[in-house]
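To start, the structure under review is shown below, and the notes come after it.
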There are 2 protein chains.
Amino acid sequence: MAPARTPPRRRGRPSQPVLSEERITSAAIKIVASRGYRHLTMTELARELKVSTSALYNHTSSKRDVLIRVQDRINQGIDRSGFGSLPWDRALERWARSYRDCYAQHTAMIPIMAVLPVADSPHTLEMYETVARGLADAGWARGDIADVIVSVESLVFGAAYDATAPADIFDPGERSDLAPVFADAVRARPTDAAAAADEAFDVALRAMLDGLRLRLAAGRD
Amino acid sequence: MAPARTPPRRRGRPSQPVLSEERITSAAIKIVASRGYRHLTMTELARELKVSTSALYNHTSSKRDVLIRVQDRINQGIDRSGFGSLPWDRALERWARSYRDCYAQHTAMIPIMAVLPVADSPHTLEMYETVARGLADAGWARGDIADVIVSVESLVFGAAYDATAPADIFDPGERSDLAPVFADAVRARPTDAAAAADEAFDVALRAMLDGLRLRLAAGRD
DNA sequence: ACCTGAACACCGTTCAAGT
DNA sequence: ACCTGAACACCGTTCAAGT
């Protein structure tokens, strides 16, 4: 191992800041990945970085600020590779599936992502640009593009929650006599929660894409 | 009416409990309606009911428990009147619009509602039964009914968030050069946030309903 | 400029003590 | 059985004091 080069510190004074926006965001991602959002507190973030909690506020204005940067990093992982290589509807489907799988692991971010201005999130903005360009190139009208994006996103956020729902979410329990038709419909679902959620998302996404194909065809006539 | 049998109170003892599940739920609804979810804390709930905070725990096991009952009451207000009187697709549309409008005012409840087992929420269960019966009567297959319900619900929850998003949510700010196609698409939206959200929800719901009509027709052949 | 430690104003929940 | 008051283990955030 290389000998630690003598740091240019004047006694007691650190040569450079130990913290940065970048390091805080990375530590936050690490905590979320390893221990979940329940453990993402300013206190645990500080402990992870081996500083005092108040030190974080020299580099970030609030916990919300940290979450916004976490979210922009998460969005980097969403697959938009279909746009430019596949037909628009297949690209949109790939994007939607990846988006939903991503937020199924980050449901705690949905309330933030869903209402957060995009201006401060460069990777998120880049994602929207890729999708918008793919739709525009496929012939979608200027006035429809944002609506299509919001449509898919709305479905995706709701489906992400559903993907994390417990297996018994629709189990009527002892009241199945009060809801016989519904109880019977629920019995027809896969018993595995993930499989049931996947099936429902397939139905929803297929329906929406079919509907959007109709809309594009009608607008073109 | 039977005369109230003389209460066995020994001086200073209240004749009957001042609290009840019912009263707590009503107070919670009142706080939410008048001051919003930010103010729905156990402390404010106790203040509203003029008791100490710890007294609440004689009647409810947790704050989550309170929220579950609040949610079941909220769901009573969702319009399912179309089922049994309108064609299934128009009934489903009415239900979806009412559902979305309702949760746009209660976004704080979405993370709970989306993953909460229905067994302890009688009015919610009744809602699902009404929708399920409407779909079954319209010829939907047993195995599709839950998927259709989940599809609409997923869209509704995401759209409810979108309905509360700020007007500048998609404004690229100073980076519009990095996202020219998207920025142009966003410029085509109504400037009013509510109008923009309504338009997007119209597109999404129409697409999904068109897709579901196709699915039902295909399954029937 | 950047960090620490103490303090502030909250949370939800528990529990011994009263009646 | 039901309520109170005090306590507990947390939150996010601020700020004077240090270097």
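The sequence lines fix the lettering, A, B, ..., with proteins before strands; numbering per chain opens at 1.
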Counting Watson-Crick and G-U wobble pairs only, both distances under 3.5 Å, name the nucleotide matched with C/dT14, or none.
-> D/dA6
For B/Val51 and for A/Glu44, find the nucleotide of DNA chain D with the closest heavy atom, then tell me which residue's nucleotide is more 5'.
-> B/Val51
Any cation-pi pair here, A/Arg100 with A/Phe201, using under 6.0 Å and within 45°?
-> yes
Could you check whether A/Thr41 gets within reach of a base, just the sugar-phosphate, or nothing at all, counting any heavy atom under 4.0 Å?
-> sugar-phosphate
Quick one: A/Leu40 CG to D/dC10 C1', roughly how many Å, whole number?
-> 15 Å
In whole angstrom, give the distance that lies between atom CZ of A/Arg23 and atom C1' of C/dC3.
-> 14 Å
CZ (B/Arg97) with more than 12 external heavy atoms under 6.0 Å = yes
Atom CG of B/Leu49 and atom C1' of D/dT4: how far apart are they, to the nearest Å?
-> 15 Å
Donor-acceptor pair under 3.5 Å: do we get one between A/Thr53's side chain and the base of D/dG12?
-> no
Return the value, rounded to whole Å, for the distance between atom CG of B/Asp65 and atom P of C/dT13.
-> 10 Å
Evaluate the side-chain proximity of A/Arg189 to B/Asp147: yes if any heavy-atom separation is below 4.5 Å, no if none is.
-> yes
Report yes if the distance between the aromatic ring centroids of B/Phe157 and A/Tyr161 is under 6.0 Å, otherwise no.
-> no
Of the listed D/dC11, D/dC15, C/dT14, the closest approach to the A/Ser54 side chain comes from D/dC15
Length of the line joining A/Leu45:CG and D/dT13:P, which is rounded to integer Å | 12 Å
How long is the line joining CE of B/Met42 and C1' of D/dC3, in whole Å?
-> 15 Å
Separation of C/dT14 atom C1' from B/Tyr57 atom OH, nearest Å, is 9 Å
Does a nitrogen or oxygen in the side chain of B/His59 sit under 4.0 Å from OP1 or OP2 of D/dA1?
-> no
Residue B/Ser62, side-chain heavy atoms: nucleotide from C/dT13, D/dC3, D/dG12 that is nearest | C/dT13
In terms of side-chain heavy atoms of A/Ala55, which of C/dC11, C/dT4, D/dC11 is nearest?
-> C/dT4
To the nearest angstrom, the CG-C1' distance between B/Asn58 and D/dC2 comes to 5 Å
Please determine which of A/His39, A/Arg38, A/Arg35 meets the side chain to side chain donor-acceptor pair (under 3.5 Å) test together with A/Glu44.
-> A/Arg35
